[in-house]
Amino acid sequence: MKIETYEKAYLALGGVTLTAALLVLLYTSVGMDIHLPTHIAEVDPATVRTTPPFDQPGLRQIGPGRYEAVILGQVWAFLPQEIRVPVGAEVTFTATSADVIHGFLIAGTRVNMMLIPGQVSRQTYTFRRPGEYGLICHEYCGLGHQGMVGMVIVE
């Protein structure tokens, strides 16, 4: 076999691999409605605790079956640490950090954000099954990082 045949096969394999990766990306973003969370606003980290809506973190109903959970990440806790929502509720998580970069991950869901001081992040998720969903910080934020946990309870 000639060298050119191997080169053509290698180039074809590379093209097929790139096409497959693009199709998977297209399917997850359009077909599964999975998008990267983005920051939607900015807030001064020095005054975030007195700036609405972060001056009153927690859950509030914004419509039938729709809720907004305002979360403030700080060394080494989430405020609030526990959120209770009904089954089938669509919850929009609006979150930021008051001090350093934190992670915001709800186990068993696709909710996964970075909480960056000065940036407000938002992500929406519908809880279809009852249960307890662990809330963890997945970005190392200092000596107490391992204790930065919370809970979303779906009833």
Side-chain angles (χ1 to χ4, degrees), residues 16-155:
V16 167
T17 303
L18 284 174
T19 302
L22 288 173
L23 289 173
V24 167
L25 185 61
L26 182 66
Y27 174 71
T28 58
S29 64
V30 175
M32 296 177 70
D33 195 31
I34 296 175
H35 304 284
L36 292 173
T38 59
H39 80 281
I40 54 153
E42 295 185 6
V43 63
D44 183 2
T47 61
V48 69
R49 288 179 181 88
T50 59
T51 305
F54 299 104
D55 58 339
Q56 295 180 352
L59 186 72
R60 70 174 195 258
Q61 190 166 6
I62 56 175
R66 295 180 53 230
Y67 296 83
E68 180 182 36
V70 177
I71 309 290
L72 183 60
Q74 63 182 19
V75 173
W76 292 285
F78 292 110
L79 295 177
Q81 283 190 304
E82 182 178 287
I83 299 169
R84 292 181 177 268
V85 296
V87 174
E90 178 186 274
V91 182
T92 299
F93 294 93
T94 303
T96 192
S97 170
D99 41 40
V100 299
I101 295 176
H102 296 286
F104 183 84
L105 173 78
I106 301 176
T109 72
R110 61 178 173 77
V111 177
N112 184 353
M113 298 186 289
M114 298 270 302
L115 305 185
I116 300 171
Q119 292 185 2
V120 178
S121 296
R122 182 172 287 155
Q123 190 171 4
T124 301
Y125 186 77
T126 301
F127 290 92
R128 304 200 186 281
R129 288 181 288 182
E132 295 183 352
Y133 297 81
L135 173 59
I136 61 170
C137 175
H138 59 74
E139 291 292 327
Y140 182 73
C141 55
L143 293 174
H145 165 71
Q146 72 280 358
M148 190 167 175
V149 295
M151 188 70 62
V152 177
I153 300 171
V154 182
E155 306 173 302

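Residues: numbered from 1 along the sequence shown.
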Quiz item: For the residue pair F127 and Y133, does the interplanar ring angle fall in the parallel (under 30°), tilted (30 to 60°) or perpendicular (over 60°) class?
Solution: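 Plane angle over 60°, so perpendicular.
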Distance in Å, [X] [atom1] paired with [Y] [atom2], rounded so as to fall on 0.5 Å steps:
X	Y	atom1	atom2	answer
L115	D99	CG	CG	10.0 Å
I116	E42	CD1	CD	10.5 Å
R66	T92	CZ	OG1	6.5 Å
T94	L72	OG1	CG	12.0 Å

Going by heavy atoms in the side chains, are [X] and [Y] under 4.5 Å from each other?
X	Y	answer
E90	T124	yes
P86	Y67	yes
R84	L59	no
V75	H102	yes
P117	T96	no
F78	C137	yes
I71	P80	yes
M113	Q119	no

What's the shortest heavy-atom distance between [X] and [Y], and which atoms?
X	Y	answer
A77	M148	O-CE, 3.4 Å
D55	P57	C-CD, 3.6 Å
T47	T51	O-OG1, 2.7 Å
A98	R49	CB-NH2, 3.5 Å
I101	M114	CG2-CE, 3.5 Å

Quiz item: Do other residues, nucleotides or ligands put more than 12 heavy atoms under 6.0 Å from L143 CG?
Solution: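 Open.
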Quiz prompt | Audit row: V111, F93, side chain to side chain contact (heavy atoms under 4.5 Å, CB included) steps and yes/no | solution = CA-CA 9 Å; V111 177; F93 294 93; 4.3 Å; yes
Self-check item: Derivation of the side chain to side chain contact (heavy atoms under 4.5 Å, CB included) call for L26 and L22
Solution: CA-CA 6 Å; L26 182 66; L22 288 173; over 6 Å; no
Quiz item: So Q56 and V70, side chain to side chain contact (heavy atoms under 4.5 Å, CB included) or not? Walk me through it.
Solution: CA-CA 8 Å; Q56 295 180 352; V70 177; over 6 Å; no
Exercise. Kindly say whether Q146 contributes a backbone atom to a donor-acceptor pair with the side chain of W76 at under 3.5 angstrom?
Key: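 Side chain of W76 to backbone of Q146: no pair is present.
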